[in-house]
Number of protein chains: 2
Amino acid sequence: MTVGLGRSQRAGIRQVADRAGVSVSSVSRVLTSHPDVSARMRKRVLEAVEQLGYEPDWLAQSMRRGATLTVGFVVGDISNPLFAQIALGAEVSLQREGYSMLLANSQNQPVLDARHIRLFQQRRVDGLLLSLASENHTETLEALAGLETPIVLIDRDLPPAVAASAVLSDHQSGMRAAAASLIELGHRRIGMITGSIDLRPSREREAALRAVCAEHPEVGAVVRPGSFTAAHGAAATAELLDGADPPTALVAGGNQILIGVLRELRARGLSVPSDISLVSCDEVPLSELYDPPIATIVRDPFRIGQRAAELLLGRLRGDQPHHAVLPSMFAPGRSCGPPR
Amino acid sequence: MTVGLGRSQRAGIRQVADRAGVSVSSVSRVLTSHPDVSARMRKRVLEAVEQLGYEPDWLAQSMRRGATLTVGFVVGDISNPLFAQIALGAEVSLQREGYSMLLANSQNQPVLDARHIRLFQQRRVDGLLLSLASENHTETLEALAGLETPIVLIDRDLPPAVAASAVLSDHQSGMRAAAASLIELGHRRIGMITGSIDLRPSREREAALRAVCAEHPEVGAVVRPGSFTAAHGAAATAELLDGADPPTALVAGGNQILIGVLRELRARGLSVPSDISLVSCDEVPLSELYDPPIATIVRDPFRIGQRAAELLLGRLRGDQPHHAVLPSMFAPGRSCGPPR
DNA sequence: GCAGATTCTGGGAACGTTTCCGGAAACGTC
DNA sequence: GACGTTTCCGGAAACGTTCCCAGAATCTGC
């Protein structure tokens with residue numbers, strides 16, 4: 001361990017060179033393990049490095065090499081456990097390959113999406129992981145249009161003009177299984193509360209539900225898109241239950257929406273599944289430990305993050321943009337029963 | 001909007017200067033809003049900037065200025081909602097002041113803490129936000145010892161040798177209130193399951209519980225430290241319940257521990273609070289929506305993150321290191337009742 | 001119309017690396 | 001011992017900014 005006694009400034013490659021009595025370029029060669037370097041030289045340089053506690057300056061390296069070993073992650077809200085797990089999966093994978101991750105919360109405001117994309121571009125990130133707040137914000141699309149840095153979208157559809165990789169969840173298969181299960185139980189009117197319609201997950205789930213209903217003419221679906229928030233979950237639940245011909249089963253399209261739904265059901269003193277059946281999307285501790293355990297359309301968010309990182313690393317190695325599809329599955333639970 | 005038609009390379013300040021027919025330094029002055037610049041000059045430069053779609057290179061700027069406008073956040077596991085909320089609070093506050101946040105998960109391995117600290121230092125971050133996996137890891141302390149960059153610890157106690165700011169939760173007041181409430185209900189034997197003993201939250205909570213018990217000689221406490229995981233929560237619950245003189249009330253020292261506790265209680269068919277009373281730490285949706293709602297020692301994680309960012313920004317402006325203490329409060333819930 | 005102050009501008013040295021290039025030294029071959 | 005290779009090393013030009021410094025231009029007061 002080197003104690004920083006006399007030196008007030010941190011040592012540069014220059015100091016190392018002086019100390020070792022060699023040229024700056026030789027030090028650089030040793031440290032980048034260039035082949036043209038003698039054993040004696042290597043030894044001297046490494047000694048000087050050790051003595052001075054030298055560590056190369058990342059800024060200078062990045063500037064010179066043109067790569068920052070940094071990727072930016074733009075996410076609506078990291079405090080949402082779904083995104084937190086995705087972020088974890090991605091960060092751990094990137095970290096293993098020497099990359100660091102810059103995190104920016106857009107607080108679900110498309111305008112911040114765009115701003116952060118530009119900021120990261122200026123910061124010279126080598127790649128971008130995007131979980132956008134909206135797929136249709138022009139400013140965001142403009143910011144993306146001119147980009148030469150590799151992009152990986154997380155469960156988003158963008159016009160093919162932006163040449164991006166993507167890791168997509170196959171929401172439809174899970175949703176179809178869930179709907180089929182409800183219909184099997186006897187439900188004829190299914191309510192679905194979901195987030196913004198210009199976000200892929202909402203669209204896919206709705207499409208799947210409608211497709212299943214189309215196969216069963218006796219079944220009707222009523223969909224309430226809005227936002228992925230507890231407030232919307234509660235409000236939409238109230239609307240559906242107070243409406244004419246209220247559904248006998250409810251699908252909550254996200255962990256925050258689920259919270260709102262449960263709050264509203266509790267406020268009304270309704271019990272699951274005897275009064276109403278319930279299906280949620282994306283597993284959280286609450287789903288498992290609620291009584292009864294909540295039937296859930298599950299996927300593996302950690303794996304999504306991993307896969308996104310892999311796609312990005314691939315592109316950084318020169319691969320072409322690629323779309324990866326990850327499965328979703330219906331995990332039945334006692335929150336579903338026959339309609340009353 | 002500037003379309004990148006002919007230019008394959010992104011424009012540098014040099015190109016802007018040529019285009020505007022002025023010197024490089026003048027362009028720099030305009031863009032850094034230096035006072036010594038005429039209106040005509042500003043106009044010409046800004047036009048050129050607009051035409052070329054020029055954006056300053058952050059690497060070069062950082063290198064020259066000696067500041068990166070970046071802070072590093074080392075956290076055990078961002079997928080834990082507590083830390084995710086802290087991260088959100090911090091990132092939003094930092095973002096507002098123009099700082100970006102590098103995120104690194106240490107996966108609760110002290111050795112990764114140390115590695116990330118060194119990595120961030122090399123990356124020239126302007127400051128560090130640390131939620132360490134251990135307070136006693138020598139490698140980490142060594143890495144911290146020589147640091148000149150401002151540090152803010154999040155709910156951690158480190159030897160005063162490291163001159164760090166810290167935002168600390170006052171766990172004790174909440175814990176004392178919870179214990180008092182349990183005793184008031186008639187409990188005489190209180191079990192507590194918590195994380196690693198060389199982490200401040202565990203120590204503080206245990207100290208508070210023991211202090212309260214000391215005031216009530218008829219009450220005994222049995223504490224099971226371990227790790228902040230569901231696995232430990234379940235195992236410790238089983239141990240306590242199978243032991244001699246099992247507790248009639250349980251305190252779960254974290255949201256993951258709570259999950260384990262609830263799993264074990266469910267597996268045993270025990271119901272809350274008639275068979276056993278339950279208190280948890282740090283609010284999660286599960287606490288609110290569980291039936292019965294779980295009494296919880298709450299704090300405001302978003303605020304913790306905000307405060308950490310404020311402390312760091314303060315230090316970056318030249319303030320001295322400072323300790324901030326944030327409250328915790330006991331929020332009673334129907335998960336507590338008289339012992340059977 | 002001139003001295004001195006003020007406003008503005010350009011040149012160029014830094015920041016800390018990497019890497020190209022040319023040359024010196026060592027080596028083997030005839 | 002001349003010569004071509006190979007191995008190793010140092011010099012110096014980049015990378016894209018900021019900022020000090022000196023000098024030019026304009027202004028002010030008389």
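Below, read A as the first sequence line, B as the second, and so on, with proteins coming before strands; counting in each chain starts at 1.
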K.L.:
Using the side-chain contact (heavy atoms from CB on, under 4.5 Å) criterion, which residues pair with A/R44? Sequence neighbours excluded.
P.N.:
A/R40

K.L.:
Apply the side chain to side chain contact (heavy atoms under 4.5 Å, CB included) test between B/L168 and each candidate in B/R307, B/R156, B/H323; give the one that qualifies.
P.N.:
B/H323

K.L.:
Not counting sequence neighbours, which residues clear side-chain contact (heavy atoms from CB on, under 4.5 Å) with B/S28? List them please.
P.N.:
B/I13, B/T32

K.L.:
B/R65 has an atom CZ; how far is it from atom C1' of C/dG16, in whole Å?
P.N.:
18 Å

K.L.:
Using a strict cut-off of less than 4.0 Å between a Lys/Arg side-chain nitrogen and an Asp/Glu carboxylate oxygen, indicate whether A/D57 and B/R124 qualify as a salt bridge.
P.N.:
yes

K.L.:
Measure from CZ on B/R29 to P on C/dG10 and round the result to the nearest Å.
P.N.:
8 Å

K.L.:
Look for any protein N or O under 3.5 Å of an N or O in nucleotides 12-16 of chain D and output each such pair with its distance, or none.
P.N.:
unit_1 : atom_1 : unit_2 : atom_2 : d
D/dA14 : N3     : A/R64  : NH1    : 2.9

K.L.:
How would you list, by chain and number, every residue that makes a salt bridge (Lys or Arg N to Asp or Glu O under 4.0 Å) with A/R118, sequence neighbours excluded?
P.N.:
A/E139

K.L.:
Is it the case that more than 12 heavy atoms not belonging to B/Q320 sit under 6.0 Å from its CD atom?
P.N.:
no

K.L.:
Send over the distance from B/D36 CG to C/dA5 C1', rounded to a whole Å.
P.N.:
14 Å

K.L.:
Looking only at side-chain N and O atoms, does A/D198 offer a donor or acceptor that is under 3.5 Å from a partner on A/S196?
P.N.:
yes

K.L.:
What residues, two or more places apart in sequence or in another chain, satisfy side-chain contact (heavy atoms from CB on, under 4.5 Å) together with A/R42?
P.N.:
A/V30, A/V37, A/L46

K.L.:
Keeping the roles fixed (side chain from A/Q122, backbone from A/L119), state whether a donor-acceptor pair exists under 3.5 Å.
P.N.:
no

K.L.:
Are OP1 or OP2 of C/dG10 and a side-chain N or O of B/S26 less than 4.0 angstrom apart?
P.N.:
yes

K.L.:
Mind checking if B/T32 touches a base, just sugar-phosphate, or nothing, with heavy atoms under 4.0 Å?
P.N.:
sugar-phosphate

K.L.:
Rounding to a whole Å, what distance do you find between B/R40:CZ and C/dT7:C1'?
P.N.:
14 Å

K.L.:
Using whole Å, report how far CH2 of A/W58 lies from C1' of C/dT18.
P.N.:
16 Å

K.L.:
Rounded to whole Å, please give me the gap between CZ in A/R14 and C1' in D/dG10.
P.N.:
11 Å

K.L.:
Nearest-Å distance, CG (A/L59) to P (C/dT17)?
P.N.:
10 Å

K.L.:
Looking at five pairs on each end of the helix from C/dG1-D/dC30 to C/dC30-D/dG1, what is the angle between the two axes, given to 10 degrees?
P.N.:
40°

K.L.:
For A/H34 and D/dC9, give me the distance from atom NE2 to atom C1', rounded to whole Å.
P.N.:
11 Å

K.L.:
Under 4.0 Å between a side-chain N/O of B/S28 and OP1 or OP2 of D/dT17, yes or no?
P.N.:
no

